[in-house]
Amino acid sequence: MTVSPHSSKVDELIRRLDGAVDVADDAARCRNVKDVLIDIVNSGGQFVPAPFLAPAPDRYARRLLHRDPKDRYTVLIMVWDPNQGTALHDHAGMWCVECVYRGQLQVTSYSVHGGDPERDIVRFEQEAVVNASVGDAGALIPPFEYHKITNTASHPAITIHVYGGEMTHCHVFDPVEGGYRRAYKELTYTH
């Protein structure tokens, strides 16, 4: 089900993603999706419908562009105003590929230490900081899914996210004495 009227380039994106996800394992699926996103974004032109590109004043905007009728994936457009970002979070066990469509973002990945993040207070160690620009893409495949995203630029950034299903929640990690504790976070779409 596609949520909004769209361009032939969006039709091409969806057609190519349908083929990209039709493989047996998440690593191959993410490589395929990453290749599709990089190719489509770098092919030039602006193809995301205008209503998806508006920032939200109080948090980053999260809009559903496409939900695969077979429930294999969803495509979301996210808009990040300057200084907007996420808390340290996971993807609740769901793979994801993220690609910068406009602007630039800082993506910081973490490894978890000191216990089971589902029930224990844990520590996180910063693994990498990537300053991603237009056409840059990365994949998260659980259990390597802990990260945060921040728009450190002075202008909005827009990303395309492809999730391995519909991500209705995640877990954020709140600082507490001795480390971080996991908290459930329901995710909604921006209208």
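- Across all their heavy atoms, Val79 and Pro55 have their closest contact at CG1-CA, 3.7 Å.
- Note that the CZ atom of Phe144 and the NE2 atom of His91 stand 15.5 Å from one another [nearest 0.5 Å].
- When the side chains of ILVMFWY residues are joined at heavy-atom separations under 4.5 Å, either directly or via intervening members, Tyr163 and Leu187 end up in a single hydrophobic cluster.
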- Derivation and outcome, side-chain contact (heavy atoms from CB on, under 4.5 Å), residues Glu186 and Thr168: CA-CA 6 Å; Glu186 186 173 336; Thr168 59; over 6 Å; no
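- Linking ILVMFWY residues whenever their side-chain heavy atoms come closer than 4.5 Å, directly or via other members, places Leu13 and Val33 in the same cluster.
- Within the 4.5 Å cutoff, no side-chain heavy atoms of Tyr101 are placed close to those of Thr159.
- Note: Tyr184 and His171 have perpendicular aromatic rings, judged against thresholds of 30 and 60 degrees for the angle between ring planes.
- Comment: Asp18 engages Arg72 in a salt bridge, judged by a side-chain N to carboxylate O separation of less than 4.0 angstrom.
- By the criterion of side-chain heavy atoms lying less than 4.5 angstrom apart, applied directly or through intervening Ile, Leu, Val, Met, Phe, Trp or Tyr residues, Val41 is grouped together with Leu53 in one hydrophobic cluster.
- The minimum heavy-atom distance linking Asn32 with Ala20 is given by the pair ND2-O, 3.2 Å.
- The side-chain hydrogen bond (donor to acceptor under 3.5 Å, both in side chains) contacts involving residues 128-138 comprise Gln106-Asn131, where partners must be two or more places apart or lie in separate chains.
- Residues Ala137 and Cys99 share a closest heavy-atom pair of CB-CB, 3.9 Å.
- Atom OH of Tyr189 sits in a crowded spot, with more than 12 heavy atoms from other residues, nucleotides or ligands closer than 6.0 Å.
- By the 4.5 Å heavy-atom criterion applied to side chains, Val162 and Leu17 are counted as neighbours.
- Closest heavy-atom contact between Gly135 and Ile38: O-CG1, 3.4 Å.
- For the pair Asp35 and Leu37, the minimum side-chain heavy-atom distance is 4.5 Å or more.
- Nearest approach of Cys96 to His161, heavy atoms of both residues: SG-ND1, 4.2 Å.
- Among residues two or more places apart in sequence or in another chain, the side-chain contact (heavy atoms from CB on, under 4.5 Å) test is passed with Arg29 by Val21, Val23, Asp26, Trp95.
- Within the structure, every pair that satisfies the ring-ring contact (aromatic ring centres under 6.0 Å, His included) test and touches residues 113-134, not counting sequence neighbours, is listed here: Phe124-Tyr146, Phe124-Phe173, Phe124-Tyr180.
- Minimum heavy-atom separation, Val97 to Cys30: CG2-O, 3.7 Å.
- Val134 and Phe47 fall within the same hydrophobic cluster, where Ile, Leu, Val, Met, Phe, Trp and Tyr residues are linked whenever their side-chain heavy atoms come under 4.5 Å apart, directly or through other members.
- Rounding to the nearest 0.5 Å gives a distance of 6.5 Å between CG of Leu64 and OG1 of Thr74.
- Tyr110 and Ile149 fall into different hydrophobic clusters, where Ile, Leu, Val, Met, Phe, Trp and Tyr residues are linked whenever their side-chain heavy atoms come under 4.5 Å apart, directly or through other members.
- No side-chain heavy atom of His169 sits under 4.5 Å from any side-chain heavy atom of Met167.
- Residues Leu65 and Pro49 meet the side-chain proximity criterion, which asks for heavy atoms closer than 4.5 Å.
- For the pair Gln104 (side chain) and Ala153 (backbone), a donor-acceptor distance under 3.5 Å is absent.
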- Does the pair Glu166 and Asp71 meet the rule for a side-chain contact (heavy atoms from CB on, under 4.5 Å), with working shown? CA-CA 8 Å; Glu166 187 158 9; Asp71 293 324; over 6 Å; no
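- When the shell of 6.0 Å around NZ of Lys148 is examined, it contains 12 or fewer heavy atoms from other residues, nucleotides or ligands.
- Using a 4.5 Å heavy-atom threshold, the side chains of Val75 and Ile160 count as touching.
- Counting non-hydrogen atoms of neighbouring residues, nucleotides and ligands closer than 6.0 angstrom, the CZ atom of Arg123 reaches no more than 12 such neighbours.
- The NZ atom of Lys34 lies 14.0 Å from the CG atom of Asp39; values are rounded to the nearest 0.5 Å.
- Side-chain N or O atoms of Gln84 include none that pairs as donor or acceptor with a backbone N or O of Thr152 at under 3.5 Å.
- Atom CG in Asp90 sits 6.5 Å away from atom CZ in Arg182 (nearest 0.5 Å).
- Note that the CZ atom of Arg181 and the CZ atom of Arg119 stand 12.0 Å from one another [nearest 0.5 Å].
- Between Met78 and Arg63, every side-chain heavy-atom pair lies at or beyond the 4.5 Å cut-off.
- When side chains are defined from C-beta on, His155 does not count as touching Asp81, because their heavy atoms never get closer than 4.5 Å.
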- Message: I'd like to know whether Glu98 forms a side-chain contact (heavy atoms from CB on, under 4.5 Å) with Leu140, so could you lay out the CA-CA distance, the side-chain angles of the two residues, the decisive distance to 0.1 Å, and finally the verdict.
- Response: CA-CA 8 Å; Glu98 305 166 344; Leu140 298 165; 3.9 Å; yes
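- Expressed to the nearest 0.5 Å, how far NE2 of His147 lies from CD of Glu127 amounts to 14.0 Å.
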